[in-house]
Amino acid sequence: MTKGIFTEKPNTYSYFPLNDGTADVFIRIFDHEETDEDGNVSYICNCNEFRTDQTVITEEMVAENPKKYLNYIIPKPITELDRLAAVEAAVLDLMGVEND
């Protein structure tokens, strides 16, 4: 999550579907406003942006609860080596062998 400063109060979210089946998602949750010495108002928002598969997170899901995605982090894919290490650790654990 980052802070964003806007001169106009932004929409809470934007969802941009892309042709490859992914979507760019921008979350902007209003936090507070600040006024400078010239009277200019800035809107401070907590922000997050990410790209996701449109079947994993739909625009309807974001519209229903944008705050849910404020701290969303794209899960890293599990490699075959990671998967194999997890299976090996589970088997050793089931056998009662310590895995160092």
Side-chain angles (χ1 to χ4, degrees):
M1 177 180 61
T2 61
K3 293 281 186 186
I5 302 171
F6 301 88
T7 56
E8 296 180 14
K9 199 168 186 179
N11 293 330
T12 304
Y13 77 92
S14 296
Y15 188 96
F16 299 102
L18 304 173
N19 291 335
D20 65 357
T22 62
D24 286 335
V25 181
F26 298 87
I27 306 296
R28 297 170 296 268
I29 305 298
F30 176 73
D31 188 51
H32 67 279
E33 52 183 71
E34 295 177 359
T35 305
D36 65 16
E37 61 265 358
D38 295 328
N40 299 312
V41 176
S42 295
Y43 300 93
I44 313 303
C45 297
N46 295 316
C47 303
N48 190 15
E49 60 184 74
F50 56 91
R51 181 169 288 174
T52 186
D53 190 297
Q54 293 177 41
T55 61
V56 174
I57 299 175
T58 65
E59 184 169 5
E60 292 76 20
M61 293 165 67
V62 175
E64 185 177 301
N65 188 4
K67 287 183 181 181
K68 176 180 178 180
Y69 300 98
L70 186 58
N71 294 309
Y72 181 78
I73 298 172
I74 300 168
K76 294 186 181 199
I78 299 172
T79 66
E80 276 189 49
L81 189 56
D82 291 338
R83 191 175 307 179
L84 182 59
V87 169
E88 180 183 29
V91 168
L92 291 174
D93 186 48
L94 287 170
M95 292 172 51
V97 177
E98 282 197 34
N99 185 13
D100 291 332

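Residue numbers run from 1 in the order of the sequence given.
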Stepwise side-chain contact (heavy atoms from CB on, under 4.5 Å) test for Asn48 and Tyr72
CA-CA 8 Å; Asn48 190 15; Tyr72 181 78; 4.0 Å; yes

Which value, rounded to the nearest 0.5 Å, describes the distance between Asp20 atom CG and Arg51 atom CZ?
6.5 Å

Same hydrophobic cluster for Ile27 and Phe30, using side-chain heavy-atom links shorter than 4.5 Å among ILVMFWY?
no

When you compare the side chain of Val41 with that of Glu34, does any pair of heavy atoms fall below 4.5 Å?
no

Using a cut-off of 6.0 Å, state whether more than 12 heavy atoms not belonging to Asp38 lie near its atom CG.
yes

For Lys3 versus Cys47, what's the shortest heavy-atom pair and its separation?
C-SG, 4.4 Å

Separation between CD1 (Ile74) and CG (Asp53), nearest 0.5 Å, reads 11.0 Å

Apply the test side-chain contact (heavy atoms from CB on, under 4.5 Å) to residues Ile29 and Thr12: give CA-CA distance (whole Å), side-chain angles for both, the deciding distance (0.1 Å), then the verdict.
CA-CA 6 Å; Ile29 305 298; Thr12 304; 3.5 Å; yes

Donor-acceptor contact below 3.5 Å, side chain Arg28 vs main chain Asn11:
yes

Aromatic plane relationship, Phe26 with Phe16 - under 30° parallel, 30 to 60° tilted, over 60° perpendicular
perpendicular

To the nearest 0.5 angstrom, please state how far the OG1 atom of Thr7 sits from the OH atom of Tyr43.
9.0 Å

Can you tell me how far the CD1 atom of Ile5 sits from the CG atom of Asp31, to the nearest 0.5 Å?
11.0 Å

Measuring from Glu88:CD to Leu81:CG, what's the distance to the nearest 0.5 Å?
10.0 Å

So with a 6.0 Å cut-off around CD1 of Ile78, is the heavy-atom count from everything else above 12?
no

Side-chain donor or acceptor of Tyr15 paired with backbone N/O of Ile57 under 3.5 Å:
yes

Between CG on residue Asn65 and CG on residue Leu70, distance to nearest 0.5 Å
10.5 Å

Neighbour count >12 (heavy atoms, 6.0 Å) for atom CD1, Ile73
no

Between Phe50 and Tyr13, is there a shared hydrophobic cluster once you connect ILVMFWY residues whose side-chain heavy atoms come closer than 4.5 Å?
yes

Report yes if some heavy atom in the side chain of Ser42 is under 4.5 Å from a heavy atom in the side chain of Asp36; otherwise report no.
no

CD of Glu33: more than 12 outside heavy atoms within 6.0 angstrom?
yes

Count the heavy atoms belonging to other residues, nucleotides or ligands that lie under 6.0 Å from CG of Leu94, then report whether that count exceeds 12.
yes

